[in-house]
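Order of listing sets the numbers, starting from 1, for every ligand and every atom in it.
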Amino acid sequence: MFRKVLVANRGEIAVRVMRACEELGVRTVAVYSEADKHTGHVRYADEAYNIGPARAADSYLDQEAVLEAAAKAGVDAIHPGYGFLAENAEFAQAVVDSGFVWVGPDPDAMEALGEKTNARALMQEADVPVVPGTTEPVSSVAEITAVADDYGYPVAIKAEGGGGGRGLKVVHSEDEVEAQFETAQREGEAYFDNSSVYVEKYLETPHHIEVQILADEHGNVRHLGERDCSLQRRHQKVIEEAPASILDDDLRAEIGDAAKRGVDAAGYTNAGTVEFLVENGEFYFMEVNTRIQVEHTVTEAITGLDIVKWQLRVAAGETLDFAQDDIEFDGHAIEFRINAENAAAEFEPATGTLETYDPAGGIGVRVDDAVRQGDEIGGDYDSMIAKLIVSASDRDECLTRSERALAEFDIEGIQTIIPFHRLMLTDEAFSNSEHTTKYLDEQLDQSR
Ligand SMILES: Nc1ncc2cc(-c3cccc4ccccc34)c(N3CC[C@@H](N)C3)nc2n1
Ligand SMILES: [Ca+2]
């Protein structure tokens, strides 16, 4: 096992990784920007290094600064968390070239799966159903209308370098194709430095289901069940849960096996998530996330596995000591992202001081955070200040316990979306888990 690990991140996920390190007897190194000097992940670490000013580009995204801190601290490995450099294959390679272990998949597997069309072709090879469309970038309007002729409108034009909902253009008819094609290419170039785009049949009312994968460096691949991430606001996940109520046991086994086959074909190692769209009892591969995700917690709640500890163990060359059949899924878990945002005003980020910060507790309640009472919340980074994860024996008990926990969670001095979450619990579609990915956008846009 490593002696010392640098966590190249901030906030709750940095503390999450450091807690896993503590339990493995590994010393922890934090990196921080000027703005984060007195924040939670710095307080928690054994050592901390300033890597630059508040702007992420000059600190958490500054590869040289992070590698310099790693060298100064003499660490054995670097864990990227999520966001920032977590899916940057070039950085992963630089970490390995600098003599540190990358706590994540091999850079070339990240590269291969990061190219969405490449990932689709690879999945098709492994007999994983993909959303109907092209497995190569398209270079003409004709190639786009050909997909629409085969599968009908609407179609989705997607940026090769995109993901997370950015770089997705929905085209409802032939006369929109040319304009949307050009816009998608231009935005791809601007946002992802990659103008390549591809086409898929657009599924109108899908559920967004993702499968958690763990693979070691000795050929063992396990799936840890699925999560339903369908409650999103403008592509931002707000509530995630496990298991997905819309899947029956057969579909659950099928989608889990497909995810394993796909990542196995890619020679994938460490933790990853295979994203699917599910509609009318059919599932279709969409993309792979080559990192630990915010919502990994609901999977931990129902399997009892510590995914981050396994990331560290696998990166250190250990073998997964459980078979697929040893993994049990017990109960139901829901994660509520506690964002400092004003839900009544388009979820715009809020700033302020945590005059009161009194998290929920009690049976079946987990709070992952890196803040304490009195902390200043600025606008430099992502607005999520905590995650409330509630687990219980079934979804109904989980909903009741969630209402109790959200009522207990007391934050004063800054606006959060806790009231929004409490409102969601009263929503008919949500409590019957009938909501699809567009439900929230439709509800909120109508009420505007
Ligand atoms: N062919 C096809 N059909 C329907 C889709 C539906 C989604 C989707 C998934 C989850 C939430 C959404 C909210 C608004 C619009 C789309 C979604 C989607 N994406 C792409 C990135 C991922 N984070 C969301 N891709 C789709 N692709
Ligand atoms: Ca994604």
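- Counting atoms of ligand 1 from 1 in the listed order, those under 4.0 Å from a heavy atom of Q232 are 10 (C), 11 (C).
- Within ligand 1, counting atoms from 1 as listed, the ones closer than 4.0 Å to a heavy atom of E200 are 1 (N), 2 (C), 27 (N).
- The neighbour count for F322 CZ, taken as heavy atoms of other residues, nucleotides or ligands under 6.0 Å away, is above 12.
- Within a 6.0 Å radius of CD in E125, no more than 12 heavy atoms belonging to other residues, nucleotides or ligands are found.
- Near L277, with a cut-off below 4.0 Å to any heavy atom, the atoms of ligand 1 are 2 (C), 3 (N), 4 (C), 5 (C), 26 (C), 27 (N).
- Note that OH of Y153 is 4.5 Å distant from CD of E174, once rounded to the nearest 0.5 Å.
- Between K438 and ligand 1, not a single N/O pair is under 3.5 Å apart.
- Checked against a 6.0 Å centroid threshold, the rings of F409 and F336 do not count as neighbours.
- Here's the thing with K158: one of its N/O atoms is less than 3.5 angstrom from an N/O atom of ligand 1.
- For the residue pair E143 / S139, a side-chain donor-acceptor distance below 3.5 Å is found, with atom types taken as modelled.
- The proximity of V131 to ligand 1, defined as any non-hydrogen pair under 4.0 Å, is limited to the side chain.
- Not a single N or O atom of M286, backbone or side chain, sits closer than 3.5 Å to an N or O atom of ligand 1.
- With a 4.0 Å heavy-atom cut-off, ligand 1 is reached by the backbone of K201 but not by any atom from C-beta on.
- Considering only residues two or more places apart in sequence or on other chains, F276 meets the ring-ring contact (aromatic ring centres under 6.0 Å, His included) condition with F283.
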Next item on the list: Any chance you could lay out the side chain to side chain donor-acceptor pair (under 3.5 Å) test for Q236 and R337, step after step, and finish with the verdict?
Entry: CA-CA 10 Å; Q236 286 302 318; R337 296 190 187 201; 4.9 Å; no
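- Heavy atoms of E287 approach ligand 1 to within less than 4.0 angstrom.
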